[in-house]
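The structure appears right after this line, and notes come after that.
A note on names: the letters A, B, ... follow the listed sequences, proteins ahead of strands, and every chain is numbered from 1. No hydrogens, no waters, no symmetry mates; every other heavy atom, side chains included, goes into these values.
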Amino acid sequence: MCGRYGLIKKIEEIQKRYRAQYSEAWETNYNICPTTLAPVIVEGEKGREIRLMKWGLIPSWSEDGKTKFSTINARAETVAKSGLYRGPFKKHRCIVPASGFYEWAKDKKKGDPPMWFTPKGDDFFSFCGIWDSWKSPEGKEIESFSIITTDANTVVGKIHDRMPCAITDNMIAAWISPTTPEGDLQSFLGPYPASKTSALPVSAYVNKVANKGPECIASINST
DNA sequence: CCAGACGTTGTT
DNA sequence: GTCTGG
DNA sequence: CCAGACGTTGTT
DNA sequence: GTCTGG
């Protein structure tokens, strides 16, 4: 699954890579956690925009802005059918830019360290995401997103069964366009190639959500 | 028809 | 054990 | 995802 | 909002 990731580039570099406008400040964060704000790229009326949204999708029909269930991830296999995600999947697809993501071993007893996965020869993963907008009773709009997951490739699969869906730059425009036919979308959601995925074991420093700095991705083999 | 759910992961 | 907060 | 709380009353 | 179960 994908429950933590990092985005360690400046907003100007994100803007350059995705050719999207931004209007809100963003601080580099090596440890982005559920419920916190992170930049996502959407197709707006005036072209691509970078918006800060809350990680963990709040459905537009939520009464109190909370969910009784986890919405940080959506399974690629069911996202198009799910009552919760169906609407956002049709109209509100986004790219979640990431420098890398963390996975923890499913078997806690072995004491395996957390792993930091990065794209080989690239500065960004472009995760496939969906988003929604919720309006509080006071009229405040809150935008939020979920990251789509799929089967792990052979590199990630050594410690975990699932990983986030990531696409190449030539697929981005079609993914975020609201007019792309729904039938075309499923083919976007395969695993990222193992040959382009790097893995680095890191310390438990990243476990603490308050730790946001470069120490999160320091290799435990080199310290 | 209305009421109630709507999710992911990992573990046993 | 299970839920909430970050 | 992990870490931390999980409660009540009354007082500042 | 929209689907499923009864």
Consider the side chain of [X], meaning its heavy atoms from C-beta on, and name the nucleotide among [options] that approaches it most closely.
X: A:His160; options: B:dC6, B:dG10, C:dG6; answer: B:dG10
X: A:Tyr85; options: B:dT9, D:dC1, B:dT8; answer: B:dT8
X: A:Asn207; options: B:dC6, B:dT9, D:dC2; answer: D:dC2
X: A:Val209; options: B:dG7, D:dC2, B:dG10; answer: D:dC2

Between [N] atom [atom2] and [X] atom [atom1], what is the distance in whole Å?
X: A:Leu84; N: B:dA5; atom1: CG; atom2: C1'; result: 10 Å
X: A:Phe69; N: C:dG5; atom1: CZ; atom2: P; result: 16 Å
X: A:Asn73; N: B:dC6; atom1: CG; atom2: C1'; result: 16 Å
X: A:Lys91; N: E:dG1; atom1: NZ; atom2: P; result: 11 Å
X: A:Lys81; N: B:dT8; atom1: NZ; atom2: P; result: 14 Å
X: A:Phe89; N: E:dT2; atom1: CZ; atom2: C1'; result: 16 Å
X: A:Glu77; N: B:dT9; atom1: CD; atom2: P; result: 8 Å
X: A:Lys90; N: E:dC3; atom1: NZ; atom2: P; result: 8 Å

[atom1] atom, [N] versus [M]: distance in rounded Å?
N: D:dC1; M: B:dG10; atom1: C1'; result: 12 Å
N: B:dT8; M: C:dT2; atom1: C1'; result: 16 Å
N: B:dC2; M: D:dT9; atom1: P; result: 41 Å
N: E:dT4; M: B:dG7; atom1: C1'; result: 16 Å

Legend entry - A:Arg4 to A:Trp55 six-membered ring, cation-pi geometry met (6.0 Å, 45°): no
Side-chain N or O of [X] less than 4.0 angstrom from OP1 or OP2 on [N]?
X: A:Thr78; N: B:dC6; answer: no
X: A:Thr149; N: B:dT9; answer: yes
X: A:Arg86; N: E:dT2; answer: no
X: A:Thr35; N: C:dT4; answer: no

Students often get this wrong, so: under 4.0 angstrom with heavy atoms, is [X] touching a base, only sugar-phosphate, or nothing?
X: A:Thr71; answer: nothing
X: A:Ser60; answer: nothing
X: A:Lys208; answer: sugar-phosphate
X: A:Ser146; answer: nothing
X: A:Ala74; answer: sugar-phosphate
X: A:Thr67; answer: nothing

Legend entry - Side-chain-base donor-acceptor pair under 3.5 Å for A:Ser70 and B:dG7: no
Inset, instruction - Please indicate yes or no: is the ring centre of A:Trp61 less than 5.5 Å from the centre of the six-membered base ring of B:dC6, with the two planes inclined by under 30 degrees? - result: yes
Write down the atom of [X], the atom of [Y], and the distance for their closest heavy-atom approach.
X: A:Tyr5; Y: A:Ala98; value: CD1-CB, 3.6 Å
X: A:Ser203; Y: A:Pro114; value: O-CG, 3.7 Å
X: A:Leu57; Y: A:Ser146; value: CB-CB, 4.0 Å

Inset, instruction - Let me know which of A:Glu141, A:Glu43, A:Glu143 forms a salt bridge (charged side-chain N to carboxylate O under 4.0 Å, His left out) with A:Arg51. - result: A:Glu143
Inset, instruction - Tell me, with the steps shown, if A:Asp112 and A:Lys158 meet salt bridge (charged side-chain N to carboxylate O under 4.0 Å, His left out). - result: CA-CA 11 Å; A:Asp112 288 338; A:Lys158 284 173 184 165; over 6 Å; no
Inset, instruction - Could you please name the partner base of D:dA5, counting Watson-Crick and G-U wobble pairs only when both distances are under 3.5 Å? - result: C:dT2
Inset, instruction - Decide yes or no for A:Leu189 and A:Cys128: does some side-chain heavy atom of the first lie under 4.5 Å from some side-chain heavy atom of the second? - result: yes
